[in-house]
Amino acid sequence: SFYCYAAIPFLIYCWLMPQKIWHMSWHKIWIHSFAFLTFYGLGFVLLAELTFWQEFNVRFNFISVDYLVYRREVTDNINESYPIIAMLLGILPLAGILYYLSYSKIQNALNSQQTFKVRTQFSVIACLLPVFVFLVVDQSMRDNENNVYQREIASNGPFQFFAAFRNNQLDFNHFYQTLPDEVASNLLRASVKEENADFVSDELYSIGRIIHSDQPETHHNVVLISVESFSAKFLQHFGNEQNITPNLDKLVNKSLFFENFYATGTRTARGLEAITLSIPPTPGRSIVKRIGRETDMWSMGNVFKNKGYEVRYLYGGRGYFDNMNAFFSGNGYDITDQSSIENQDIHFENAWGVSDEDLFQQTIKQANQSYEKHTPFFYHVMTTSNHRPYTYPDNKIDIPSGSGRNGAVKYTDFAIGKFLEHAKQQPWFNDTIFVIVADHCASSAGKTDLPVDRYHIPMWVYSPSLITPQTIDTLASQIDIAPTIFGLLNMTYESWSFGKDILRMNKNDERVLIGTYQKLGLLKQDELVILSPGKKINRHLIENEGSDALDNTMDAKHLDAQAKLAIAYYQGANYIYEHNMNHWQAKRHEHHPVAQK
């Protein structure tokens with residue numbers, strides 16, 4: 001179907017081109033050159049799709065569009081990851097063969113004699129094909145396939161690429177199953193209600209509440225490390241036998257270790273969104289990247305800043321990537337990124353930024369400055385090394401740089417271990433809580449729409465002088481990080497978090513919200529409910545993730561409690577975001593109807 005649409009401009013060109021020009025020598029050379037370049041372009045698209053599939057196990061989608069925006073990182077990454085010159089030269093023979101096989105047909109077309117009337121008749125008939133395709137063929141034919149791998153293979157990459165430009169945000173009320181606002185609001189408010197909290201308003205969807213602490217508030221420092229692409233399965237604790245996380249495995253028994261913990265999404269921006277804003281994934285791209293609508297919200301940074309902390313986001317790459325600088329600076333954070341690190345402090349860098357060691361050295365430097373000012377600090381540190389091309393400084397670990405993900409994982413583990421040892425020598429160490437968590441897993445594709453095991457990540461809360469080690473098996477996710485940290489500090493504060501303090505959760509509170517840019521899931525116990533565009537609702541049993549959905553397209557009159565709760569979470573998140581209810585400075589309680597009690 002894509003090539004029917006793509007042929008329309010050339011069809012119009014052939015229809016309107018005067019016969020005299022059509023037969024000129026220069027025009028024939030142009031058409032032959034265009035034909036060869038078209039074959040070469042098709043080969044390039046094929047090559048690009050194969051490498052994209054190797055990385056993400058999907059056809060072109062949001063990721064390909066987003067990465068195209070950040071030309072420098074993507075170009076450098078491709079050059080460092082693949083023999084790009086050899087690959088581009090390798091397409092030439094393929095394009096040459098296709099051009100040779102088509103030469104006589106192209107030449108016959110260029111020598112043909114047709115009146116404008118005949119060309120018009122042919123063009124009208126030819127245009128009927130894309131019209132027919134537009135009316136009859138759409139994504140629903142592909143979407144009927146339950147196996148995600150098969151569905152992706154059935155997709156058309158170029159069509160997916162251009163569709164991703166158009167579908168960067170989806171209207172929840174139009175595309176998804178909904179509940180009456182009063183019903184959804186009441187369910188959402190009940191789900192976030194805590195014993196030590198009082199709602200500040202009875203307005204529709206208002207989850208604003210004052211969290212009370214019965215203990216004196218502390219002002220310990222907090223360093224939160226988001227580890228790039230770090231799956232739980234990398235740890236020996238979860239059965240890995242490759243010894244690629246020796247430092248983090250040792251930390252398991254020295255920390256509050258959360259072993260039943262999940263990311264909300266599959267990209268860095270989703271992880272940053274969930275950790276910072278404590279909000280579930282909303283349809284379309286992450287809030288972090290919604291330029292013009294990504295700032296001045298209730299955030300972990302704003303809460304800490306309001307408590308007198310120095311708040312900083314530290315990133316080893318260039319902070320314009322994924323709109324990070326704008327997002328964090330607009331939500332209470334100061335910024336340290338690659339551009340603000342002095343050249344003498346950079347000992348290694350690749351396409352995605354400086355090495356994790358250099359980044360952690362900057363963290364130590366900034367922490368010392370805060371300590372000297374007698375100011376408590378909250379730092380959110382985002383690593384980059386576990387990312388293709390998987391290069392890092394030589395002679396640090398026993399796996400050569402650039403040899404694959406295992407080496408990158410082990411290097412990041414080495415850098416974290418080195419950072420903690422260095423931090424122990426600092427005067428602020430005993431008064432600091434270290435939180436280590438992944439932004440998302442290393443891979444996200446599976447046989448089902450939301451393969452739960454591809455969202456499973458670890459989290460550590462480490463502070464030898466402040467935290468008693470314990471393994472926590474409570475089912476929780478990244479939206480629960482902020483309230484859990486605030487709880488450890490005995491904070492009293494106003495919250496617009498969709499999450500809860502994990503250490504205060506009861507069994508009924510346990511749930512995980514996970515999603516892609518279209519699929520939105522709620523996991524409770526061993527059952528996953530998935531909301532999809534077209535107002536579809538599916539249910540899977542986690543013990544048999546490869547099985548077909550138990551239910552399809554349930555209507556609103558026959559939804560069970562979990563399906564209703566899933567709708568309430570996502571419908572509420574969409575409403576709160578769209579109505580700017582969680583704005584940090586605004587009068588949040590104006591212009592919103594009051595919910596029925």
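Computation of the quantities below employed the complete heavy-atom set of this structure, encompassing side-chain atoms and omitting hydrogens, waters and symmetry-equivalent molecules.
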Check your understanding: For Glu228, does its backbone N or O pair with a side-chain atom of Thr383 as donor and acceptor, under 3.5 Å?
Key -> yes
Review point. With distance as the sole criterion, is a donor-acceptor pair present between the side chains of Thr375 and Glu310 under 3.5 Å?
Key: no
Review point. Between Trp460 and Phe258, is a ring pair (Phe, Tyr, Trp, His ring centres under 6.0 Å) present by the stated rule, with each step listed?
Key: CA-CA 6 Å; Trp460 297 257; Phe258 297 82; over 10 Å; no
Point to revise | Thr268 versus Asp439, side-chain donor and acceptor atoms under 3.5 Å | key: yes
Practice item. Measure from NZ or CZ of Arg312 to the centre of the six-membered ring of Phe377 and say whether it is under 6.0 Å with the direction within 45° of the ring axis. Key: no
Review point. Just by modelled atom types, is the Leu188 backbone N or O under 3.5 Å from a matching donor or acceptor in the Ser191 side chain?
Key: yes
Exercise for review: Look at the rings of Tyr313 and Tyr333 and say which category their plane angle falls in: under 30° parallel, 30 to 60° tilted, over 60° perpendicular.
Suggested key: perpendicular
Point to revise | Audit row: Asn574, Thr282, side chain to side chain donor-acceptor pair (under 3.5 Å) steps and yes/no | key: CA-CA 6 Å; Asn574 181 75; Thr282 48; over 6 Å; no
Point to revise | Side-chain donor or acceptor of Asp198 paired with backbone N/O of Ile210 under 3.5 Å | key: no
Review point. Counting distance only, does the side-chain N/O of Tyr570 pair as donor-acceptor with the main-chain N or O of Thr178 below 3.5 Å?
Key: no
**Study point:** Under 3.5 Å side-chain donor-acceptor pair for Asp181 and Tyr205
**Key:** yes
Check your understanding: Is there a donor in the side chain of Ser370 and an acceptor in the side chain of Tyr379, or the other way round, less than 3.5 Å apart?
Key -> yes
Review point. Which residue, Arg285, Glu294, Arg290, forms the side-chain hydrogen bond (donor to acceptor under 3.5 Å, both in side chains) with Asn323?
Key: Glu294
Study note, to complete from the structure: Rounded to the nearest 0.5 angstrom, the CD-CE distance for Glu494 and Met491 is 14.5 Å
Practice item. Look only at the side chain of Asp334 and the backbone of Ser329, and say whether a donor-acceptor pair between them is shorter than 3.5 Å. Key: no
Check your understanding: Between Asp322 and Lys289, is there a side-chain N and carboxylate O pair less than 4.0 Å apart?
Key -> yes
Practice item. Drop me the distance from Ser477's OG to Ile514's CD1, to the nearest 0.5 angstrom. Key: 9.5 Å
Point to revise | Donor-acceptor under 3.5 Å (Asp358 side chain, Ile346 main chain) | key: no
Practice item. Report the residues that fulfil ring pair (Phe, Tyr, Trp, His ring centres under 6.0 Å) with Phe348, sequence neighbours left out, ordered by chain and then residue number. Key: none
Check your understanding: Which is it for Phe328 and His380 under the ring pair (Phe, Tyr, Trp, His ring centres under 6.0 Å) test, yes or no, and what are the steps along the way?
Key -> CA-CA 10 Å; Phe328 281 102; His380 185 158; 5.7 Å; yes
Revision key, fill the gap. Separation between NZ (Lys193) and CD1 (Ile207), nearest 0.5 Å, reads 13.0 Å
Exercise for review: Look at the aromatic rings of Phe172 and Tyr176 and report parallel, tilted or perpendicular, splitting at 30° and 60°.
Suggested key: parallel
Practice item. Could you tell me whether a side-chain N or O of Gln571 sits under 3.5 Å from a main-chain N or O of Leu179, the two making a donor and an acceptor? Key: yes
Check your understanding: Roughly how far, to the nearest 0.5 Å, is OG1 of Thr295 from CG of Asn302?
Key -> 10.0 Å
**Study point:** Intermediate values then yes/no, side-chain contact (heavy atoms from CB on, under 4.5 Å), Ser340 and Gln362
**Key:** CA-CA 10 Å; Ser340 58; Gln362 290 299 307; over 6 Å; no
Exercise for review: For side-chain contact (heavy atoms from CB on, under 4.5 Å), just list the numbers for Ser226 and Ile275, CA-CA rounded to whole Å, side-chain angles, deciding distance to a tenth of an Å, and then say yes or no.
Suggested key: CA-CA 9 Å; Ser226 297; Ile275 294 169; 3.8 Å; yes
Review point. When rounded to the nearest 0.5 angstrom, what distance separates CG in Leu224 from CZ in Phe378?
Key: 5.0 Å
Review point. Charged N to carboxylate O under 4.0 angstrom, Arg504 versus Asp509?
Key: no
**Study point:** Sidechain-backbone polar pair: Lys307 side chain, Tyr493 backbone, donor-acceptor under 3.5 Å
**Key:** no
Exercise for review: Report yes or no: do Ser201 and Glu203 form a side-chain donor-acceptor pair below 3.5 Å?
Suggested key: yes
Point to revise | Asp337 and Arg318 ion-paired at < 4.0 Å | key: no
Review point. What ring pair (Phe, Tyr, Trp, His ring centres under 6.0 Å) pairs are there with at least one residue in residues 271-295, not counting sequence neighbours?
Key: none
Exercise for review: Apply side-chain contact (heavy atoms from CB on, under 4.5 Å) to the pair Met459 and Ile436, showing each step before the final yes or no.
Suggested key: CA-CA 6 Å; Met459 183 170 79; Ile436 304 171; over 6 Å; no
**Study point:** Test item: side-chain donor near acceptor, Ser299 and Asn331, under 3.5 Å
**Key:** no
Exercise for review: For the pair Val354 and Gln338, evaluate side-chain contact (heavy atoms from CB on, under 4.5 Å) and give the outcome as yes or no after the intermediate values.
Suggested key: CA-CA 7 Å; Val354 304; Gln338 184 176 2; 3.9 Å; yes
Point to revise | Residue that, paired with Leu523, satisfies side-chain contact (heavy atoms from CB on, under 4.5 Å) out of Val529, Leu528, Ile530 | key: Leu528
Practice item. Ignoring hydrogens and angles, tell me if any N or O in the side chain of Ser229 forms a donor-acceptor pair with the backbone of Ala442 under 3.5 Å. Key: no
Check your understanding: Taking Asn196 for the side chain and His212 for the main chain, is one N or O donor matched with an acceptor at less than 3.5 Å?
Key -> yes
Point to revise | Aromatic centroids of Phe486 and Phe304 separated by under 6.0 Å | key: yes
